Amino acid sequence: MIQLQGVTKYYRTNDGRHYVFRDLTEDIPTDRNVGILGRNGAGKSTLLRILAKAEAPNRGMVRSNVRLSWPMGFSGGFQGSMSGADNIRFIARIYGVNWRDAVDFVQDFAELGEYMHMPIKTYSSGMRARLAVGMSFFVKFDCYLIDEIPGVGDSRFRRRFTQSFGELKKRSTMILISHSEATIRKICDVVFLLNDGRLERYDDVDEALRLYRQM
Amino acid sequence: MSATRSFGDLGRSLTVQGRVIYALILREMQSRFGRSNIGYLWALVEPLLLVGVFTLGYVAIGRRSPPQGMEFLPFLATSIIAYLSMRNIASRMSSAIESNRSLLLFPQVTPFDLMLGRLLLETATFIAVFVVIIGGGVILGFASPPDRPFLLLVTVIYTALLGAGIGMLLGAITMNFPWVDHFMRPTWRLMLWISGIFFTLKQLPMSVQDILVWNPILHVIELMRAAYFAQVEPYRVSYGYVNWWILITTFMGLLCERMFRDRRKEK
């Protein structure tokens, strides 16, 4: 479970503080798959970064008792001038896993071929996503924080991805931001609607989707 | 929570931090020096070139040797390596967060780690360059070994910390006022001439001394020579003064980093 206690987050702009959340208190389950729905700019990605502890709230506390992934999905975490293998090596080291095994695994999983040793900035966004997904599968988290499941390549890779994803779902859960109703319906057991800096929990996914459509 | 458990927690978080710093240093080595070993040679080329050029210049203007019986090579090498290393440390530290922002996505990587990683790598490079050039000079007979090697090492670390403090403060300032960065190149060039690299403070008229003695870079360079040569007494310079600079710049740098953290993330 991830506990948010009195979380306040704002950004300073020229017009003063822009609040994303004010005094947000909520328990997010990590033993089930959680979907987060909200309009563009509602603060979904900020919420995910706060849950992942990649960004500290201005006030309040975030606590969790499980191993959480880094917030995945946008290209962050990779340095463009370095190769895929270099980036894998770095991530392996900071998570304390064997980097040789990691490079082998990701090479095999993401099928990047010789691109593995070329700078990330030469990658397509699909290749970048495959690299990130592959690495996160290798590190093995209890709960994956995913900002939009990326469109990841051709049908051959998609089959493979779906298969790994299926295995992943057996041992791990995820907290998922998605605009795709089909994805949310297929994966999530619980949905949080994010609106006006407030989180509302719905255990009935269809009801949440219905409300989301009206937002 | 029992005391043993909190010690365990501390141990665990130190392990994580150690792993992060180690990974960052390896990463920085690659981006700083490239994959080939020739990259490391480049770290030597700039100081060697400057030492060479200024030795020739010194000879050309008819000066036989530096004052107080100091030898040429250590006289110039201490100051030039200290100046270049400090400039590198300051500029690498000031851009540490900006150029590695994408890594802050990983919860175990903090802005402090990014700066510490760069500081450690640059300081190690500083010491290595120093040892190679002075050691080479000693072997080839251009220099005698330092009289107080331990004090010299302490002074090298002072120099690195001064560079780190200035770098942190600069980083915090340029984050908000990027135009300040344009003034840094000319400022460092000016510092090359007013930091006692080619002269000693004592050689100057009193009125000039009174101004230059405020420059902390001049302090570390003079202290470095005083550590190298037993016969040289520190003249109007002190470790205490450098201490204040290190403390104040580091404190201000960290404070500004905290204050402007949200503004940074907003981009």
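Values reported hereafter were calculated over all heavy atoms of this structure, with side chains retained and with hydrogens, waters and symmetry mates removed. Keep in mind the model is a prediction, meaning the values are calculated, not measured.
Heavy atoms closer than 4.5 Å to chain A are found nowhere in B/Thr15, neither backbone nor side chain. Neither the backbone nor the side chain of B/Ile21 comes within contact range of chain A; no heavy atom of the residue lies under 4.5 Å from a heavy atom of that chain.
No side-chain heavy atom of B/Leu24 sits under 4.5 Å from any side-chain heavy atom of A/Arg93.
Contact between A/Ile94 and B/Arg19 at its shortest, heavy atoms only, is O-NE, 3.5 Å.
Residue B/Met252 places its CE atom among 12 or fewer non-hydrogen atoms of other residues, nucleotides or ligands, all under 6.0 Å distant. For A/Tyr19, the OH atom counts as densely surrounded, since its 6.0 Å shell holds more than 12 non-hydrogen atoms of other residues, nucleotides or ligands. Heavy atoms of other residues, nucleotides or ligands lying less than 6.0 angstrom from CD of A/Gln3 number more than 12. Heavy atoms from other residues, nucleotides or ligands lying under 6.0 Å from CZ of A/Arg171 number more than 12. Other residues, nucleotides and ligands contribute more than 12 heavy atoms inside 6.0 Å of the CZ atom of A/Arg67. With a 6.0 Å radius and a threshold of 12 heavy atoms from other residues, nucleotides or ligands, A/Lys186 has its NZ atom at or below the threshold. More than 12 heavy atoms of other shown residues, nucleotides or ligands fall within 6.0 angstrom of atom OH in A/Tyr212.
Note that CD of B/Gln30 and OG of A/Ser81 are 9.5 Å apart. Values are rounded to the nearest 0.5 Å. Taking CZ of A/Phe90 as the start and CG of B/Leu103 as the end, the distance is 4.5 Å to the nearest 0.5 Å. One distance of note links CH2 of A/Trp99 with CG of B/Leu26; it measures 10.0 Å at 0.5 Å rounding. Atom CZ of B/Arg27 and atom CZ of A/Arg89 lie 11.5 Å apart (nearest 0.5 Å). Rounded to the nearest 0.5 Å, atoms CG (A/Asp86) and OG (B/Ser31) are 10.0 Å apart.
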Between A/Glu55 and B/Leu104, does a side-chain contact (heavy atoms from CB on, under 4.5 Å) hold up when you go through it step by step?
CA-CA 8 Å; A/Glu55 193 161 336; B/Leu104 292 175; over 6 Å; no
